[in-house]
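All values derive from a computational prediction rather than experimental measurement. In what follows, every chain begins at residue 1, and chains take the letters A, B, ... in the order their sequences are listed.
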There are 2 protein chains.
Amino acid sequence: MRIGELAARAGTTTRTLRYYESRGLLSARRTGNGYRTYDESDLLLLRQIRTLQDFGFGLEETRPFVECLRAGHPEGDSCPASLQVYRRKLDELDALIGELSAVRAKVGEQLARAESARDVLAADAGVPGGPEPVCELGGEQP
Amino acid sequence: MRIGELAARAGTTTRTLRYYESRGLLSARRTGNGYRTYDESDLLLLRQIRTLQDFGFGLEETRPFVECLRAGHPEGDSCPASLQVYRRKLDELDALIGELSAVRAKVGEQLARAESARDVLAADAGVPGGPEPVCELGGEQP
DNA sequence: CCTTGCCTTGACGTCCGCGTCAAGGCTTAC
DNA sequence: GTAAGCCTTGACGCGGACGTCAAGGCAAGG
């Protein structure tokens with residue numbers, strides 16, 4: 001099949017395939033007129049790349065999987081190098097999730113603090129015998 | 001103070017400050033010779049931006065906080081628009097953490113599956129009366 | 001013959017938050 | 001005078017994974 005069909009079958013674009021080829025991840029035979037030609041194994045290879053991309057793997061991180069498939073292994077992750085990438089990714093994900101959770105907690109705190117501060121001001125403003133009005137809310141004109 | 005001192009006191013660079021200014025987040029008075037001049041309130045403003053940046057906020061997301069401070073409020077999050085940004089960020093963080101957790105689970109599954117497949121092959125290869133050797137491991141030469 | 005729809009290479013644009021270099025001006029110290 | 005150490009604007013670079021446009025070739029249908 002040609003590049004357009006392969007792209008369509010993998011749910012991506014021809015530009016992407018040419019980009020992968022430029023990065024050495026995908027190779028293509030050529031027909032007489034210079035058109036790229038692919039077979040079913042290329043589709044499997046491409047699907048492997050796309051799956052990992054969807055997982056957030058960088059292109060370079062998919063390389064061991066690609067080479068593993070190219071070497072004739074049944075799965076892209078049948079090779080030790082691929083398993084190493086999995087493990088590294090798990091560590092990265094754990095670290096990232098941890099950081100994001102910490103940030104989430106801090107932002108949550110900030111929001112709670114800011115809202116309670118706002119509520120205090122609102123309550124003060126609403127209570128007739130309350131404290132002095134705060135300048136930023138605009139003083140009541142007598 | 002001039003730009004170099006402000007940058008140092010905020011733990012950032014002059015380039016960054018000029019960039020913020022170009023984005024309309026930071027403003028500067030000028031001395032006779034064209035040098036930028038800042039005061040303490042600019043430092044507070046800058047610290048607000050930096051704190052949010054450290055949280056992973058985009059520059060545009062810091063704008064409401066900056067404008068809130070500029071309007072004379074005691075904190076950058078004393079304004080409703082800032083609280084909205086907090087809430088939006090919390091939602092984004094929750095969504096992102098959720099996605100990353102899902103990916104982590106899938107990658108973990110893939111790793112476990114690939115490792116067990118590898119172990120099965122290794123066990124097969126190690127057992128004398130086991131199954132036929134698999135081609136991808138290289139057949140034993142008689 | 002002409003259009004349509006594939007394909008080719010090459011090259012620049014995108015997003016973001018700056019880093020880095022260039023070329024020059026001001027001020028202060030020696 | 002001159003060297004050091006600030007400052008100015010302008011402009012290009014980066015990383016990642018492509019999008020998009022340009023200019024043209026090839027094949028098939030009417």
Side-chain angles (χ1 to χ4, degrees), chain A residues 1-39 42 45-66 85 88-89 92-93 96 99-100 103, chain B residues 1-39 42 45-63 65-66 85 88-89 92 96 99-100 103:
Chain A
M1 84 195 87
R2 289 180 305 181
I3 195 169
E5 187 182 346
L6 178 59
R9 289 181 63 185
T12 183
T13 68
T14 60
R15 177 71 182 88
T16 296
L17 302 199
R18 281 189 272 258
Y19 177 63
Y20 289 173
E21 185 175 338
S22 79
R23 305 274 83 192
L25 286 171
L26 202 60
S27 58
R29 270 68 55 195
R30 298 291 184 125
T31 63
N33 55 18
Y35 286 11
R36 289 173 178 82
T37 308
Y38 304 90
D39 55 26
D42 291 315
L45 218 145
L46 185 49
R47 281 207 221 275
Q48 171 75 81
I49 298 176
R50 291 265 95 199
T51 299
L52 295 175
Q53 286 275 89
D54 289 346
F55 282 172
F57 284 53
L59 262 190
E60 280 308 313
E61 293 176 318
T62 72
R63 197 176 294 277
F65 296 80
V66 169
V85 173
R88 211 157 39 75
K89 208 65 190 178
E92 285 178 22
L93 283 167
L96 185 54
E99 288 172 18
L100 289 176
V103 167
Chain B
M1 85 196 87
R2 290 180 303 182
I3 195 170
E5 187 183 345
L6 178 59
R9 289 182 63 184
T12 182
T13 68
T14 61
R15 178 70 182 89
T16 297
L17 301 200
R18 281 190 272 257
Y19 178 63
Y20 289 171
E21 184 175 338
S22 79
R23 304 275 85 192
L25 287 171
L26 202 58
S27 58
R29 270 68 55 195
R30 298 293 184 127
T31 61
N33 56 17
Y35 286 12
R36 290 172 178 82
T37 309
Y38 304 90
D39 56 27
D42 292 314
L45 218 146
L46 185 49
R47 283 205 221 275
Q48 172 76 80
I49 299 176
R50 292 265 95 198
T51 299
L52 295 175
Q53 285 274 90
D54 289 346
F55 282 170
F57 284 53
L59 264 190
E60 279 309 313
E61 292 176 319
T62 71
R63 197 177 293 278
F65 295 80
V66 169
V85 174
R88 211 157 40 75
K89 207 66 191 178
E92 286 178 22
L96 185 54
E99 289 171 16
L100 289 176
V103 167

Completion exercise
Looking only at heavy atoms, the pair that brings B/K89 and B/E61 closest together is NZ-OE1, 2.9 Å
Separation of [N] [atom2] from [X] [atom1] (nearest whole Å):
X	N	atom1	atom2	result
B/R29	D/dC7	CZ	C1'	17 Å
B/D54	C/dG17	CG	P	13 Å
B/R63	C/dC16	CZ	P	12 Å

Partner set under side-chain hydrogen bond (donor to acceptor under 3.5 Å, both in side chains) for [X], not counting sequence neighbours:
X	result
B/Q48	none
B/T14	B/R18
B/T13	B/T16
B/R2	none

Practice task
Can you pull out how bent the helix from C/dC1-D/dG30 to C/dC30-D/dG1 is, comparing the axes over its first five and last five pairs, to 10°?
Solution key: 40°
Practice task
If a pair satisfies salt bridge (charged side-chain N to carboxylate O under 4.0 Å, His left out) and one of its residues is in residues 25-35 of chain B, list it, with sequence neighbours excluded.
Solution key: B/E21-B/R30, B/R29-B/D39, B/R29-B/D42
Practice task
Check salt bridge (Lys or Arg N to Asp or Glu O under 4.0 Å) between A/E99 and all other residues, then give those that pass, not counting sequence neighbours.
Solution key: none
Problem - For A/R50, salt bridge (Lys or Arg N to Asp or Glu O under 4.0 Å) partners two or more places apart - result: none
Fill in the blank from the handout: In 5'-to-3' order, the base (B), backbone-only (S) or no-contact (-) status of each nucleotide in nucleotides 8-19 of chain D, using a 4.0 angstrom heavy-atom cut-off, is BB-B-----BBB
